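Position 1 is the first residue of the sequence, and the numbers go up from there. All heavy atoms count here, side chains included; hydrogens, waters and symmetry mates do not. Bear in mind that the values here come from a model prediction, so they are computed numbers and not experimental data. One-based numbering, in listed order, for ligands and for the atoms of each.
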Amino acid sequence: MEISFAGKRALVTGAGKGIGRATALALARCGAKVTAVTRTQADLNSLLQECASITPVCVDLADWGATEVALQDVGPIDLLVNNAACANLQPFLEVTPEQFDQSFSVNVKAVLHVSQIAARGMKARGSGGSIVNVSSQASQCALRDHAVYCATKGALDMLTKVMALELGPHQIRVNSVNPTVVMTEMGRLGWSDPEKAKVMTSRIPLGRFAEVEDVVNSILFLLSDKSNMTNGVTLPVDGGFLAC
Ligand code: NDP
């Protein structure tokens with residue numbers, strides 16, 4: 001299946017590393033004009049070395065005001081990928097208010113904010129658009145030490161559905177991908193222990209973690225007009241984990 005984003009303008013958050021970086025590069029390869037948002041300048045520098053056409057924006061998305069300023073000049077956006085997130089893992093009884101607030105600020109509040117900025121423009125132009133939120137299997141299944149992370153991704157799934165409901169009449173589709181473990185920097189934090197990893201893979205019918213490309217391909221599909229009638233779904237990219 002050929003997917004082209006020629007003439008489209010895309011914004012990807014958390015584009016410095018992992019899934020977000022691969023998504024930004026894939027979108028650029030498919031012809032989109034890409035704005036990459038992340039908070040570490042060195043990651044943006046190396047991204048630009050890989051793909052000079054990408055526009056970098058360096059901001060901490062946990063900061064609402066700084067995000068407003070940083071994104072004021074990005075111009076029209078047709079495709080948005082809300083990918084940035086943090087995973088502060090700790091036992092439920094040890095969760096602190098600071099960790100809770102940080103996680104919800106990035107994983108939920110910034111998604112709402114960046115989506116408002118992009119969708120206001122899409123609505124005003126009347127040209128529609130597509131938004132993909134990067135959620136997780138953790139939104140629907142309890143994982144040890146993931147109380148706050150699971151809660152943020154559960155909230156994100158519901159945000160996706162309400163956005164789909166309210167933005168649909170403006171031909172703005174909103175969906176999420178919900179991957180299983182991917183061995184990025186974030187994935188390694190929680191799943192480097194081979195014993196733990198074995199327990200998780202044994203619960204995945206396909207018997208393996210997801211590759212970055214598996215997630216990127218699903219994101220591209222949901223952004224593209226190949227999924228024109230798909231709106232408000234939370235698409236597992238989990239080898240069947242959530243089905244069992
Ligand atoms: P990584 O940690 O590899 O990359 C996350 C990126 O987001 C980094 O570039 C990071 O920048 C950026 N980011 C984090 N916080 C902020 C912030 N406050 N402001 C701006 N940028 C920020 O994560 P993954 O690629 O693994 O994860 C991408 C998405 O996939 C996330 O939504 C995650 O929840 C989801 N996911 C991941 C899974 C996994 O196993 N890896 C499984 C299921 C879902 P910096 O490094 O500078 O902090």
Note: Ala138, heavy atoms under 4.0 Å from ligand 1, region reported as neither
Practice task
For Val59 and ligand 1, answer yes if some heavy atom of the residue is under 4.0 Å from a ligand atom, otherwise no.
Solution key: yes
### Query
With a cut-off of 6.0 Å (strictly less than), are more than 12 heavy atoms of other residues, nucleotides or ligands near NZ of Lys33?
yes
So is Val181 polar-close to ligand 1, meaning N/O to N/O under 3.5 Å?
no
heavy-atom search around atom 43 (C) of ligand 1 in the protein gives Pro179 O, 3.4 Å
Please examine the side chains of Ile219 and Ile19, heavy atoms only from C-beta on, and report whether any two atoms are closer than 4.5 Å. yes
So for Lys153 against ligand 1, with non-hydrogen atoms under 4.0 Å, the contacting part is side chain
**Prompt:** At a 4.0 Å cut-off, with the gap strictly under it, does some heavy atom of Ala110 reach an atom of ligand 1?
**Reply:** no
**OP:** Consider ligand 1: state whether an atom of it lies below 4.0 angstrom from any non-hydrogen atom of Cys86.
**Re:** no
To atom 38 (C) of ligand 1, the nearest of Thr180, Val111, Val237, Thr38 on a heavy-atom basis is Thr180
For atom 13 (N) of ligand 1, the closest protein heavy atom turns out to be Ala84 CB, 4.0 Å
Please test Ser227 against Asn175 for side chain to side chain donor-acceptor pair (under 3.5 Å), starting from the C-alpha separation and ending with a verdict. CA-CA 10 Å; Ser227 60; Asn175 296 288; 5.4 Å; no
Mark yes or no for whether Asn83, through its side chain, and Gly14, through its backbone, hold a donor-acceptor pair below 3.5 Å. yes
Of Ser139, Ser218, Ser136, the one forming a side-chain hydrogen bond (donor to acceptor under 3.5 Å, both in side chains) with Asn178 is Ser139
Looking only at heavy atoms, the pair that brings Ala85 and Lys153 closest together is CB-NZ, 3.7 Å
Besides Phe92, the hydrophobic cluster formed by Ile, Leu, Val, Met, Phe, Trp and Tyr side chains linked at under 4.5 Å, directly or via other members, contains Leu93
The answer for which part of Val106 has a heavy atom under 4.0 Å from ligand 1 is side chain
Note to self: With heavy-atom distances below 4.5 Å as the criterion, would you say the side chains of Asp78 and Ser130 are in contact?
What the structure shows: no
Restricting to heavy atoms, the pick from Leu44, Leu61, Val134 nearest atom 19 (N) of ligand 1 would be Leu61
Restricting to heavy atoms, the pick from Gly14, Gly190, Ser105 nearest atom 7 (O) of ligand 1 would be Gly14
Checking heavy atoms under 4.0 Å, the part of Tyr149 that sits near ligand 1 is side chain
Nearest heavy-atom approach of Met200 to Leu143 is CE-CD2, 3.8 Å
